[in-house]
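One structure is given below, encoded as structure tokens.
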Amino acid sequence: MSNFKMAVVAIHGMGSQHNPQNQPPSSTPTFSKDLRKKVAREVGSDMDKVNWQEVVWAQILQGRQKGYLRKINRSLGYDKLREFVVCNLSDAASYRPTPDGGDKIYAAIHEKIELVMRVIRHQIGDHAPILIVAHSLGGHIMSNYIYDKQRHLRHGGPPTEPTPVENMQTVAGIVTFGCNIPIFLFAYPENEIYPIMAPNRDLPPALRFRTWWYNYYDRHDVLGFPLGKSAPSYEQLARDRALRDKPINAGKIFTSWNPFSHNGYWKDRDLYEPVADRIKDILARV
């Protein structure tokens, strides 16, 4: 019998990941290993009750991105800035639903999430409390994934997956950082923008936190934004205190004051301490 009482689902954002083609199991931390290590130090022995999972989707696009950079190297040369543009901005450009059903990247990335949620179901159960930890574009991806599940149910369709945990109905909390959801909203009229609803409908009342979404951003991070001003519906979430935007100073001395702070959240005390606190809150109420 598993000792796990909850799961953390970490998802990376835009940009290259180390060796994505030789990916270990989702339960082996890679991009989130520093965050997990620091969180574990804060949580202590109860960390044994936490099933830490990763959603790695970089391999879907990274091979083509790197291949293109190799092709243009002789004609243009490429430095770190050009690599940043290709490996970061093309992630965002490629991830989008299309009306003609040709959104294979969108579906392929969501399939990665489905696989991880299936693992959690088998290892913890149908009603496992989930904490989502999402960096950068990963926040937009998880928001879309949950939104799609909720929209299907809202329109009267049957559950798309067999269990509440797979249908994203047991999410006790969401932590986004360096999140760029607002960038993707300008194509829609403000009054037609709707954020996800509380994804905790299948959790007991004790696990339905008033604030279930915390969004952390560094004011120097040009890829991370507050969410509460994105649209009237997001403003309402913030007024209801379901959503809280929290500015922090991410990164170290050489990165915290410039755009490279975008990758500085993973090791920052201002992030790992509240993540640990939320894990402790969930475990105390399970």
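Computed from a prediction, not measured in an experiment: that's the story for all the values here.
Judged purely by atom type and a 3.5 angstrom limit, Asp245 has no side-chain atom pairing as donor or acceptor with the backbone of Lys229. Without hydrogens or angle criteria, Asp221 side chain to Leu223 main chain gives a donor-acceptor distance under 3.5 Å. The backbone N or O of Ala58 sits less than 3.5 Å from a side-chain atom of His12, completing a donor-acceptor pair. Side-chain atoms of Thr211 do not come within 3.5 Å of backbone N or O of Leu243 as any donor-acceptor pair. Here the side chain of Asp268 pairs a donor or acceptor atom with the backbone of Asp270 at under 3.5 angstrom.
If you take CD1 on Ile124 and NZ on Lys49, they are separated by 13.0 Å, rounding to the nearest 0.5 Å. In this structure, Ile146 CD1 and Ile174 CD1 are separated by 4.0 Å, a value rounded to the nearest 0.5 Å. Taking CH2 from Trp212 and CG from Leu207, the interatomic distance works out to 15.0 Å, rounded to the nearest 0.5 Å. Rounding to the nearest 0.5 Å places CD1 of Ile181 at 5.5 Å from CG of Leu227. Once rounded to the nearest 0.5 Å, the distance linking CD of Gln150 with CZ of Arg201 reads 8.5 Å. Here the CD1 atom belonging to Ile132 is positioned 3.5 Å from the CE atom belonging to Met142, to the nearest 0.5 angstrom.
Listed here is the closest heavy atom pair of Pro195 and Ser233: CD-OG, 3.1 Å. Summarising the geometry of Ile11 relative to Trp266, their closest heavy-atom pair is O-CH2, 4.3 Å, with the distance given to 0.1 Å. Counting all heavy atoms, side chain and backbone alike, Pro182 lies closest to Pro226 at CG-O, 3.7 Å.
Ring centroid separation for the pair Trp57 and His110 does not come in under the 6.0 Å cut-off.
The pair Asp34-Lys37 does not count as a salt bridge, with every side-chain nitrogen at least 4.0 angstrom from each carboxylate oxygen.
Following chains of ILVMFWY side-chain contacts shorter than 4.5 Å, one can reach Val8 starting from Met47, so the two form part of one hydrophobic cluster. Val119 and Ile141 are not part of a single hydrophobic cluster, where members link through side-chain heavy atoms under 4.5 Å apart.
No more than 12 heavy-atom neighbours from other residues, nucleotides or ligands sit within 6.0 angstrom of CZ on Arg219.
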**Message:** Go through it in stages, so that I can follow the logic: the residues are Lys280 and Asp46, the test is side chain to side chain contact (heavy atoms under 4.5 Å, CB included), and I'd like the CA-CA distance, side-chain angles, deciding distance and then a yes or no.
**Reply:** CA-CA 8 Å; Lys280 288 186 281 189; Asp46 278 349; over 6 Å; no
**Message:** Run Thr176 and Trp213 through side chain to side chain donor-acceptor pair (under 3.5 Å) and show every step you take.
**Reply:** CA-CA 8 Å; Thr176 51; Trp213 189 344; 3.0 Å; yes
**Item:** Trace of the side chain to side chain contact (heavy atoms under 4.5 Å, CB included) decision for Val175 with Tyr216
**Value:** CA-CA 8 Å; Val175 177; Tyr216 296 88; 3.8 Å; yes
**Prompt:** How far apart are the C-alpha atoms of Tyr234 and Ile193, what are their side-chain angles, what is the distance that settles it, and do they pass the side chain to side chain contact (heavy atoms under 4.5 Å, CB included) test?
**Reply:** CA-CA 8 Å; Tyr234 278 90; Ile193 294 171; 3.9 Å; yes
**Request:** Show the numbers, then the answer: is there a side chain to side chain donor-acceptor pair (under 3.5 Å) between Tyr106 and Asp148?
**Result:** CA-CA 12 Å; Tyr106 187 90; Asp148 288 351; 2.8 Å; yes
**Message:** Pair Glu54, Ser26 - check side chain to side chain donor-acceptor pair (under 3.5 Å), show working.
**Reply:** CA-CA 5 Å; Glu54 286 188 343; Ser26 58; over 6 Å; no
**Request:** Check the pair Trp52, Ser32 against side chain to side chain contact (heavy atoms under 4.5 Å, CB included), reporting the backbone distance first and the verdict last.
**Result:** CA-CA 10 Å; Trp52 191 283; Ser32 69; 2.9 Å; yes
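In this structure the side chain of Asn200 never reaches within 4.5 angstrom of the side chain of Thr170, judged on heavy atoms. Between Arg41 and Tyr272 the shortest side-chain heavy-atom distance falls below 4.5 Å. Looking at Lys149 and Glu166, their side chains never come closer than 4.5 Å, going by heavy atoms from C-beta outward. Here the side chains of Lys5 and Val50 are not in contact, with every heavy-atom distance at 4.5 Å or above. For the pair Met6/Ile130, no side-chain contact is recorded, criterion being any heavy-atom separation below 4.5 Å from C-beta on. For the pair Asp218/Pro247, no side-chain contact is recorded, criterion being any heavy-atom separation below 4.5 Å from C-beta on. Counting heavy atoms from C-beta outward, Arg244 and Asn215 have side chains that stay 4.5 Å or more apart.
By the side chain to side chain contact (heavy atoms under 4.5 Å, CB included) test, Asp126 pairs with Arg121, Thr163, Pro164, sequence neighbours left out. Residues satisfying the side chain to side chain contact (heavy atoms under 4.5 Å, CB included) criterion with Leu115, sequence neighbours excluded, are Arg118.
Cation-pi geometry between Arg278 and Phe209 is met: under 6.0 angstrom from the ring centre, within 45 degrees of the axis.
Under the 30°/60° scheme for interplanar angles, the aromatic rings of His140 and Tyr95 are found to stand perpendicular. Aromatic ring orientation, Phe177 versus Tyr265: tilted (interplanar angle from 30° to 60°).
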